Amino acid sequence: MASTKNLVSTLVLATLASSFFLLLQPLPSNARSLTSCNFDRIYQLGDSISDTGNLIREGPMGAATPFARLPYGQTYFGSATGRCSNGRLMIDFIAKSAGLPFLSPYMNRDGDFAHGVNYAVAGSTALTTEVLARKNIPSPVTRSSLSVQLDRMSTHINSICTTELDCLEELKASLFMVGEIGGNDYNYALLQGKSIGEVKRMVPEVVRAITAAVRQVIGYGAARVVVPGNFPIGCLPIYLTAFQTNNSSAYDERHCLKELNSFSKYHNNQLQQAIQQLKREYPNVVIVYGDYYQAFQWLFQNAQYIGFSQSSTRKACCGAGGDYNFSLVKTCGAPGISVCQHPNTLLSWDGVHLTEEAYKRMAEWLIDEILPKLHCSG
């Protein structure tokens, strides 16, 4: 009997120790420590993951999107800013960790660009709208693809420096974020009926567009560049809803769609190989892969230990219907769509984008991951 009690006690202690270890281990150790890099500016290219207000300023179509009105922005700003969340985004937390203010969107003509510029536009793609149209993939939200954003960046940089040497000096203490971009190329293709195989054939072209952008910003004088990868899209409510199936083998142990996550990993692997080539081409430039995939997986796996509702990791806060509180026809911001009472206990804000708290946690993980690789001497 005593030995049985001892065994039970040992098992209980082991379980508690394991739980305590899981509780402590995943937390980032260097969060908010980018101040050591002494960045004076951040330049952001990308899509809705990082748009701080460009789409809603582009024209009537952008101004008519739900991102231009509540409940977007309700948690932190109290009003809509064009951010596709209930509050701040990863780039906001990255700027904060560097000791810099929020980046003004390029389309804000009254913006303060002294500490960098945000060129990201929600709905934008890595490939141009013309290239996608030739593949029968419409771009329904914006024409501000990566090449358009780069043109805008060129215009701005030419306004702050006149010679190549001047640019090198002016931008040496800047951080360039090239992405996340490319996700919408795949989103539009997959949600408009293209097969995984068809979309997979797009990956080399998308990766080439991203690496061309990295070369271009290096040409402007970038000394430190972060190139983020894609999310595990098979865990997002939009895809879980669009590709819902009764085939249990289509899901992994966390009920994410295996084939879609494998596709994300395929893109990310191709991107990382391209980054290795860029490093060989530019040995004097620091180029770092931003692992959004693993950052989200860490968040997903440890949700219950860091304040999120374990039962709602795959549900949208703002949405309606189905197993994932998401509908492709009645999305967040539409009349009658409700918002959960405690947004920051959920990972997903609207089924496509994350909540402020999820973005904060991802940003902390990412900073912890990339800081040693940025080789900051501060």
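Since the model is a prediction, treat every value here as computed from it, not as a measurement.
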Taking side chain as C-beta onward, heavy atoms only, is Tyr186 less than 4.5 Å from Val203?
yes
Determine the interplanar angle of the His156 and Phe113 rings, folded into 0 to 90°, and report it as parallel if under 30°, tilted if 30 to 60°, perpendicular if over 60°.
perpendicular
To the nearest 0.5 Å, what is the distance between NZ (Lys96) and CZ (Phe102)?
7.5 Å
Looking only at heavy atoms, the pair that brings Thr142 and Gly123 closest together is CG2-C, 3.6 Å
State, yes or no, whether a side-chain contact exists between Tyr289 and Asn268 at a heavy-atom distance under 4.5 Å.
yes
Is Lys360 salt-bridged to Glu356, going by a charged N under 4.0 Å from an acidic O?
no
Sequence neighbours left out, cut at 3.5 Å: what donor-acceptor pairs do the side chains of residues 327-342 make with other protein atoms?
{"unit_1": "Ser327", "atom_1": "OG", "unit_2": "Val329", "atom_2": "N", "d": "3.2"}
{"unit_1": "Ser327", "atom_1": "OG", "unit_2": "Lys330", "atom_2": "N", "d": "3.2"}

When hydrophobic residues are tied together by side-chain contacts of less than 4.5 Å, even through go-betweens, does Met61 share a cluster with Val352?
no
In this structure, would Ile137 and Leu127 fall into the same cluster of hydrophobic residues linked by side-chain contacts under 4.5 Å?
yes
Trp365 side chain near Gln294 side chain, heavy-atom distance below 4.5 Å
yes
Residue pair Trp298, Arg361: steps toward the side-chain contact (heavy atoms from CB on, under 4.5 Å) verdict:
CA-CA 9 Å; Trp298 167 80; Arg361 293 293 190 167; 4.0 Å; yes
Rounded to the nearest 0.5 Å, how far does CG of Asn325 lie from OG of Ser312?
9.0 Å
Selection residues 199-232 - residue pairs positive for ring pair (Phe, Tyr, Trp, His ring centres under 6.0 Å), sequence neighbours left out:
Phe231-Tyr292, Phe231-Phe296
Does some side-chain heavy atom of Asp185 sit less than 4.5 Å from a side-chain heavy atom of Glu205?
no
Please report the interatomic distance CD1(Ile181) to CG(Leu146), rounded to the nearest 0.5 Å.
5.5 Å
Can you name the closest pair of heavy atoms from Gly78 and Leu70 and give their distance?
O-CD2, 4.0 Å
Distance col, row Leu299:CG vs Phe308:CZ, nearest 0.5 angstrom, shows 5.0 Å
Distance check, rounded to the nearest 0.5 Å: Ser309 atom OG versus Leu347 atom CG?
9.0 Å
Can Arg109 be said to sit on top of Tyr106's aromatic six-ring, NZ or CZ under 6.0 Å from centre and within 45° of the ring axis?
yes
Determine, for Arg41 against Glu170, whether the closest basic-nitrogen to carboxylate-oxygen distance falls under 4.0 angstrom.
yes
Passes side-chain contact (heavy atoms from CB on, under 4.5 Å), Ile49 versus Ile91? Steps please.
CA-CA 9 Å; Ile49 304 302; Ile91 185 57; over 6 Å; no
Which value, rounded to the nearest 0.5 Å, describes the distance between Lys315 atom NZ and Asp323 atom CG?
7.5 Å
Within-4.5 Å side-chain heavy-atom neighbours: Leu175 and Cys37:
no
Would you say the side chains of Asp92 and Tyr359 form a donor-acceptor pair under 3.5 Å?
no
Verify same cluster id: Leu346, Ile306 (apolar side-chain graph, 4.5 Å):
no
Does the structure place the NZ or CZ of Arg83 under 6.0 Å from the centre of the six-membered ring of Tyr76, at an angle of no more than 45° from the ring's axis?
no
Are the side chain of Asn230 and the backbone of Ser264 linked by a donor-acceptor contact shorter than 3.5 Å?
no
For a quick check under 3.5 Å, do His267 and Tyr293 share a side-chain donor-acceptor pair by atom type?
no
Using the side-chain contact (heavy atoms from CB on, under 4.5 Å) rule, take Cys376 and Arg224 through it: C-alpha gap first, then chi angles, then the decisive distance, then the call.
CA-CA 10 Å; Cys376 300; Arg224 284 184 172 82; 4.2 Å; yes
State which residues pass side chain to side chain contact (heavy atoms under 4.5 Å, CB included) with Ser145; sequence neighbours excluded, sorted by chain then number.
Thr125, Thr128, Ser147, Val148
Donor-acceptor pair, distance only, cut-off 3.5 Å: does the side chain of Asp350 make one with the backbone of His353?
yes
Verify same cluster id: Leu191, Leu240 (apolar side-chain graph, 4.5 Å)
yes
Quick one: list whatever passes side chain to side chain contact (heavy atoms under 4.5 Å, CB included) with Arg215, sequence neighbours left out.
Thr211, Leu278, Glu281, Tyr282
Could you tell me whether the side chain of Asp368 and the main chain of Glu364 form a donor-acceptor pair under 3.5 Å?
no
Quick check: are there more than 12 heavy atoms from other residues, nucleotides or ligands sitting under 6.0 Å from NZ of Lys172?
no
Taking Glu180 for its side chain and Val227 for its backbone only, find out whether a donor-acceptor pair lies under 3.5 Å.
no
Leu190 vs Ile233, test: side-chain contact (heavy atoms from CB on, under 4.5 Å). Steps then yes/no.
CA-CA 11 Å; Leu190 288 166; Ile233 61 173; 4.1 Å; yes
Donor-acceptor pair, distance only, cut-off 3.5 Å: does the side chain of Thr52 make one with the backbone of Leu103?
yes
For atom CD of Glu198, decide whether the heavy atoms of other residues, nucleotides or ligands shown that lie under 6.0 angstrom number more than 12.
yes
Do Val285 and Leu374 land in one hydrophobic cluster if side-chain heavy atoms of ILVMFWY residues count as linked below 4.5 Å?
yes
Please find the pair of heavy atoms, one from Asn261 and one from Cys256, that lie closest to each other, and give the distance.
ND2-CB, 3.6 Å
For the residue pair Pro343 and Asn86, what are the closest heavy atoms and their distance?
CB-ND2, 3.6 Å
Is there a side-chain contact between Ile218 and Ile287 (heavy atoms, below 4.5 Å)?
yes
Given 3.5 Å as the limit, does a donor-acceptor pair link the side chain of Asp51 with the main chain of Asp47, or not?
no
Sequence neighbours excluded, the answer for side chain to side chain contact (heavy atoms under 4.5 Å, CB included) partners of Arg57 is Pro105, Met107, Asn108
I'd like to know if the side chain of Asn118 and the backbone of Ser50 have a donor-acceptor N/O pair within less than 3.5 Å.
yes
Residue list, side chain to side chain contact (heavy atoms under 4.5 Å, CB included) with Val141, at least two apart or on another chain
Leu55, Tyr188
Could you tell me if the side chain of Ser174 sits less than 4.5 Å from the side chain of Ile42, heavy atoms only?
no
Would you indicate whether Lys194, at its atom NZ, is surrounded by more than 12 heavy atoms from other residues, nucleotides or ligands within a distance under 6.0 Å?
yes
For a quick test of reading the model, state the closest non-hydrogen atom pair linking Ser104 to Gly111 and the distance between them.
OG-CA, 3.7 Å
Counting C-beta onward and ignoring hydrogens, is there a side-chain heavy-atom pair between Cys235 and Arg254 closer than 4.5 Å?
no
Testing the basics here: between Pro66 and Tyr72, what is the closest heavy-atom pair and its distance to 0.1 Å?
O-CD1, 3.3 Å
Residue pair Ser144 / Arg152, side-chain donor-acceptor N/O under 3.5 Å:
yes
